[in-house]
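The next block holds one structure in the form of structure tokens; read it before the comments.
Chain identifiers are assigned alphabetically (A, B, ...) following the order of the sequence lines, protein sequences preceding nucleic acid strands; residue numbering begins at 1 within each chain. What you are looking at is a predicted structure, and each value in this text was computed from that prediction instead of being measured. Values below: every heavy atom of this structure, side chains too, minus hydrogens, waters and symmetry copies.
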Protein chains: 2
Amino acid sequence: MSLPHALLGLLASQPGTGYELRQRFEASLGNAWHASHSQIYPELGRLEDRGLVEVIAHGSRRSRTWAVTADGRAELRRWLTETEPNRDVRNEPLLRGFLLFLLEPEERTAVLRRELAAAEREGAALAATAAELDGDGGASRFRPIVDLGLRSNAVLQEWLREQVGEAG
Amino acid sequence: MSLPHALLGLLASQPGTGYELRQRFEASLGNAWHASHSQIYPELGRLEDRGLVEVIAHGSRRSRTWAVTADGRAELRRWLTETEPNRDVRNEPLLRGFLLFLLEPEERTAVLRRELAAAEREGAALAATAAELDGDGGASRFRPIVDLGLRSNAVLQEWLREQVGEAG
DNA sequence: GCCATCATGTAATTAGTTACATGATTAG
DNA sequence: CTAATCATGTAACTAATTACATGATGGC
């Protein structure tokens, strides 16, 4: 279960409310993990019980801003360095890629075009993130991993264009 | 839930027993989806109830060979062409990549080296699969998607080597 | 004043993992 | 004959999604 460490990681990067964490899953961690608010709020409570996060501010609309504690940072480092990653990836669009051979050429082309459009949107979002990071005085700690995302996305777009070209 | 369609897809590619399906999740679909036998056997029963798969042979050790029915193929095509993919990917190694900035340079290098070793193993497995497909009289229906895997793996390995180099 | 969005929570259900359990066959 | 692997199944538990529910605040 990666959710507690995903939350610790988001808070280690920047404190925030549960609501904001939800949004950051989409904005920055979208290709790696995600969670809905109904998972986030109870998990923050459990992390608080374990002393890994704490409320550092109360804001309007009874919101609470959470931050990771020293113990939380230690737990994150332990997890990163001493535990093996679970490599059981779940990626439904890729699963669909394995099954494209089942379709007639015209159907396959239509599906591939839809995926290409999605990859282009994703690529544009990544480029915007990269530009933002570069604009903020450069050298963000997320710049390298965003770059990996950009390169992977470029490979995917290239593959999709080849497949569309060959099929249609 | 992609499991029923993953099973239909595996059986559409080649009939097999529940046990074999389990192995094929690792061998061919490993980067996209996976399931344990305790999920596969009950799901095959449900697919049978819906008329999407059927037993086509009884073998030794009371094994049953399953195949997808005409209705099953129709359901697969409908799913591929008419439904939007769920793009909520779960990828723990990538999540960890986002959090590497939390580590000291030496720790980060050690983690990156471990990931590089994993990526090299994965790349070798993909290359072996590709060679096998090419050897079998060529033009396998899985060759294109295996090629996407190879290219993505190459990008990942390159990125990891850069990160290792820069950090240590 | 009222609508959109911020903000948080719980309940019910479904999906997925881990643990428990058993028997058949084949290779050495 | 016996150990490894093939082969299937259920039970208990944990994780995740969907649905239900409520209230606060800021902009118009």
### Task
To the nearest Å, give me how far apart CD1 (B:I40) and C1' (D:dG9) are.
13 Å

### Query
Rounded to whole angstrom units, what separation is found between the NE2 atom of A:H5 and the P atom of D:dA15?
12 Å

### hbond_proxy B:S36 side chain to C:dT18 base (donor-acceptor, 3.5 Å cutoff)
no

### Message
With a sphere of 6.0 Å drawn around CD of A:E26, does it hold more than 12 non-hydrogen atoms of other residues, nucleotides or ligands?
### Response
yes

### Message
Could you report the tightest heavy-atom contact between B:L3 and B:A35, atom names first, then the distance?
### Response
CD1-CB, 3.6 Å

Atom pairs under 3.5 Å, N or O on each side, protein against nucleotides 24-28 of chain D: can you list them with distances?
from   : atom 1 : to    : atom 2 : distance (Å)
D:dA24 : N3     : A:R61 : NE     : 3.4
D:dT25 : O2     : A:R61 : NH2    : 2.9

### Query
In whole angstrom, what separates B:L3's CG from C:dG16's C1'?
9 Å

### Query
Base, sugar-phosphate, or nothing for A:R90, non-hydrogen atoms under 4.0 angstrom?
sugar-phosphate

### Summary
Distance col, row A:R46:CZ vs A:L7:CG, nearest 0.5 angstrom, shows 10.0 Å

### Task
Could you check B:Q39 against B:N86 and say which one's nearest nucleotide on DNA chain D is further toward the 5' end?
B:Q39

### Task
Determine the minimum heavy-atom distance between A:I56 and A:W66, stating which atoms define it.
CG1-C, 4.4 Å

### Query
What's the shortest heavy-atom distance between A:H34 and B:D88, and which atoms?
NE2-CB, 3.1 Å

### Task
Quick one: sort the B:W79 and B:H5 rings into parallel, tilted or perpendicular, breaks at 30° and 60°.
parallel

#### Entry: Nearest heavy-atom neighbours spanning B:L10 and B:R24
O-NH1, 2.9 Å

### Task
Look at B:S38 and D:dA11 and indicate whether a side-chain polar atom (N or O) is within less than 4.0 Å of OP1 or OP2.
no

### Query
Taking OP1 and OP2 of D:dT17, is either one under 4.0 Å from a side-chain nitrogen or oxygen of A:H37?
no

### Query
Is any side-chain nitrogen or oxygen of B:R22 closer than 4.0 Å to OP1 or OP2 of D:dT5?
no

### Message
Pick the closest DNA chain C nucleotide for A:P42 and for B:S2 by heavy atoms, then say which residue is nearer the 5' end.
### Response
A:P42

### Task
Measure from NE2 on B:H58 to P on C:dA24 and round the result to the nearest Å.
17 Å

#### Entry: d(OH, B:Y41; C1', D:dT10) in whole Å
13 Å

### Task
Could you tell me the separation between the CE atom of B:M1 and the P atom of C:dG16, rounded to a whole number of Å?
6 Å

#### Entry: Length of the OH-C1' vector between A:Y19 and D:dT22, whole Å
15 Å

### Message
Expressed as a whole number of angstroms, how long is the span from B:L44:CG to D:dG9:P?
### Response
9 Å

### Task
Give me the bend of the helix from C:dG1-D:dC28 to C:dG28-D:dC1, using the axes of the five pairs at each end, rounded to 10°.
30°

### Message
I'd like to know if A:S63 reaches the base of C:dT8 with its side chain such that a donor and an acceptor end up less than 3.5 angstrom apart.
### Response
no

